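Heavy atoms only: backbone and side chains are in, while hydrogens, waters and symmetry mates are out. Chain letters run A, B, ... following the sequence lines, proteins first and then strands; every chain starts at 1. It should be emphasised that the depicted structure is a prediction, and the values quoted were computed from it without experimental measurement.
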Protein chains: 2
Amino acid sequence: MTESSTERDPESVSRFVEHFAAQLVEAGMPRMPSRVFGALLASDTGTLTSAELGEQLRISPAAVSGAVRYLAQVHMVSREREPGSRRERYRVHSDQWYEALTNREAIIKRWEDALRDGVASLGADTPAGRRLAETLAFFEFIERDVAEMMERWRAYREERFG
Amino acid sequence: MTESSTERDPESVSRFVEHFAAQLVEAGMPRMPSRVFGALLASDTGTLTSAELGEQLRISPAAVSGAVRYLAQVHMVSREREPGSRRERYRVHSDQWYEALTNREAIIKRWEDALRDGVASLGADTPAGRRLAETLAFFEFIERDVAEMMERWRAYREERFG
DNA sequence: CCTTAACTTCACAAATTTCTGAAAGAAGCG
DNA sequence: CGCTTCTTTCAGAAATTTGTGAAGTTAAGG
């Protein structure tokens, strides 16, 4: 054992952050947002200031700003003004963010719109039209069902984590 | 009315293809695979040859090749050898592909691995460790539940589309 | 108000990704 | 078994994306 049980070896933290971020990148998220998000997730309080992020990740204030804008836009972090200071703090709400993950809602809606257009313009009575219609039905189904799944998750979480 | 009810105005088809592909791109899929996939989805038989794809989308054989390799890798299309010909045909199985969509399984598994490492190295008894553990629990939950959701979809589909 | 700390925006440089043409590689068909 | 047709691979050009420094904006604190 090296130190107290709540040590935070910066090296270990960094290793996790970079590794986890790499997975997010692989899934399609831009690099800086992924790293910033990883750092927040691995922080003790779940909040970090812009300066802390910049220092920990070795990136410029501009990069932090851009990453945070992205993350806020997809609701994976929220910004808080520290009262009586010009410091901004960024927070990952434990639950907020995976709600966001399943909230591809906006994207799905647009897929649905595109598919509806397609069915209309290709003709509902054509083979292609039918294929599009079935795909559309799938998304509509998913949309309804994911909501229920999140309900189940919240119940499960309540029970297991309180 | 311009022609028969099963007309396939290339202009309309193209408009759909490009519009739908744009949505896929927005969701993180590379451009060419998105366009190729759109074209297949909007085709009458659900299959197209490399040459047809190249002509319809105005792209080089090389681009078709690359796009198809990508799509096959993520199981969104399958390749078929047309017997007695050196033509390859690419097919989108109506159901195969959205199964693939929910099959982020490999990706989720790796997230889980990264999170497990994180819990171990940050300590399960630290605030950050607990946050990671809960996130991990979420993914494990999702994984189980999505499988059930697909079951429900298949049942629903059966009933509605036969 | 003026100063100063903190964040954001902008223009550009760097790195990466994407697509093409050309050449090489399979596979039917005579 | 060689010819021909189709597909893949490869190297490089073009386009896009990403991150930085520097200037600009906002708001706290004297």
Got [X] and [Y] here, is their nearest side-chain heavy-atom distance under 4.5 Å?
X       : Y        : answer
A:Tyr90 : A:Ser78  : no
A:Gln56 : A:Val17  : yes
B:Ile59 : B:Arg35  : yes
B:Phe16 : A:Leu115 : yes

Thinking salt bridges, do [X] and [Y] make one under a 4.0 Å N-O criterion?
X        : Y        : value
A:Glu80  : A:Arg91  : yes
A:Glu134 : B:Arg160 : no
B:Arg116 : B:Glu112 : yes

With 3.5 Å as the limit, what N/O pairs link the protein to nucleotides 15-21 of chain C?
residue : atom : partner : partner atom : Å
C:dT20  : OP2  : B:Ser60 : N            : 3.3
C:dT20  : OP2  : B:Ser60 : OG           : 3.1

Under the side-chain contact (heavy atoms from CB on, under 4.5 Å) test, residues paired with A:Arg152 that sit two or more places apart: A:Asp145, A:Glu148, A:Met149, B:Phe141, B:Asp145, B:Arg152
Separation of atom [atom1] in [X] from atom [atom2] in [N], rounded to whole Å:
X       : N      : atom1 : atom2 : answer
A:Arg69 : D:dT18 : CZ    : C1'   : 13 Å
B:Arg87 : C:dC29 : CZ    : C1'   : 15 Å
B:Tyr90 : D:dC6  : OH    : C1'   : 9 Å
A:Leu57 : D:dT20 : CG    : P     : 11 Å
B:Leu53 : D:dC6  : CG    : P     : 15 Å

Scan residues 23-82 of chain B for pairs that pass ring-ring contact (aromatic ring centres under 6.0 Å, His included), counting only residues two or more places apart or in two chains. B:Phe37-B:Trp97
Scan nucleotides 25-30 of chain D nucleotide by nucleotide, 5' to 3', and note B when protein non-hydrogen atoms come under 4.0 Å of the base, S if they reach only the sugar-phosphate, - if neither. ---SS-
May I ask you to say what B:Ser50 touches in the nucleic acid, namely base, sugar-phosphate or nothing, with a heavy-atom cut-off under 4.0 Å? sugar-phosphate
Between A:Arg79 and C:dA6, is there a side-chain N or O to OP1/OP2 distance below 4.0 Å? no
Give a yes/no on whether any side-chain N or O of B:Arg89 is located under 4.0 angstrom from OP1 or OP2 of D:dC6. no
For A:Thr49 and A:Arg87: C-alpha separation, side-chain torsions, deciding distance, then whether side chain to side chain donor-acceptor pair (under 3.5 Å) applies. CA-CA 7 Å; A:Thr49 65; A:Arg87 271 207 180 99; 4.6 Å; no
Could you go through nucleotides 11-14 of chain D and list every protein N or O atom that sits under 3.5 Å from one of its N or O atoms, giving the distance for each pair?
none

Here the salt bridge (Lys or Arg N to Asp or Glu O under 4.0 Å) pairs for residues 50-63 of chain A, sequence neighbours left out, are none
